[in-house]
Amino acid sequence: MSLIPLASILPPEVSVWELTDGTEPDPLYPEEELLVACAVPKRRREFASSRTCARRALARIGIGSFPILSASSRAPIWPSGVVGSITHCDSYTAAAVCSDNQFRSIGIDAEVNHPLPDGTADLIASPGERAPLKELLDPAICWDRLLFSAKESIFKAWSPLSTGWLDFLQAEVTLDPLRLTFSAKLLIDSPATGEFLEGRFQVSRNRILTAVTIQLK
Ligand SMILES: CC(C)(COP(=O)(O)OP(=O)(O)OC[C@H]1O[C@@H](n2cnc3c(N)ncnc32)[C@H](O)[C@@H]1OP(=O)(O)O)[C@@H](O)C(=O)NCCC(=O)NCCS
């Protein structure tokens, strides 16, 4: 399988930057350094890579460089008028951003294409979501991990527009393996996002990528 870019599962208005395999991140701003001052080196590097991706993605839509801090929810704090999302997984990091005139929110997630640890699928998916996975025969794709990633993307898109918490079992996800899309029905009241969210996925080499964009009202 060839490596498919994240941009292929996002609308063209969304600016994406990806870092792979050992690319050295740019230095952090002092304010950003404070957020990871006590973190282990792996987390510091991951955080620096995410800020590098975010700044380069923002530059592509004409927004200059400045610190990208984190909210108490851990969501990145984007410049005014921007929505976006960040993911990291192994040696891969990505950021996706666009103007809030184009989308209300973005969620992206990357996972390694390995089966979830034993017992985890039962915690993140209902029997009704798990049953169709047995029919999906492509052995190259870990469908349980894909479902997990779809839910992480949903959470990252949902969270900045909402208060409170969205549990894994509060979104019922249906994968469409022919269209490489998924849809989610939220099982909680979510006036800010509406009841249904849509996303796209790709699996390339050993990586699963999922993305959700929430349309303007
Ligand atoms: C927030 C969460 C989705 C992040 O997942 P993760 O495994 O750490 O995955 P990633 O590495 O892909 O993403 C990390 C990035 O997510 C972003 N993020 C963290 N919390 C966030 C939130 N509340 N909203 C939006 N983005 C968030 C951050 O940018 C973070 O990177 P950074 O700390 O370097 O800035 C996960 O930790 C979590 O809490 N999941 C439980 C909630 C959930 O997924 N529910 C399912 C609903 S169907």
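The structure displayed is predicted, hence computed values, not measured ones. Ligands are counted one by one from 1 in listed order, and the atoms in each one are counted from 1 as well.
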Less than 4.5 Å apart, any side-chain heavy atom of L69 and any of L35? yes

If you count only heavy atoms, which residues are under 4.0 Å from ligand 1? R43, F47, S50, R51, S73, R74, A75, P76, I86, T87, H88, D109, K151, E152, F155, K156, S159, W165, L166, D167, F168, A171

Identified side-chain contact (heavy atoms from CB on, under 4.5 Å) partner of I86 from the options E46, R51, K156: R51

Return yes if some donor-acceptor pair links the side-chain N/O of T210 with the main-chain N/O of S149 below 3.5 Å, else return no. yes

Ring centres under 6.0 angstrom apart (F148, F168): yes

Do we see a donor-acceptor contact under 3.5 Å between the side chains of S65 and Y29? yes

For a quick check under 3.5 Å, do S190 and W158 share a side-chain donor-acceptor pair by atom type? yes

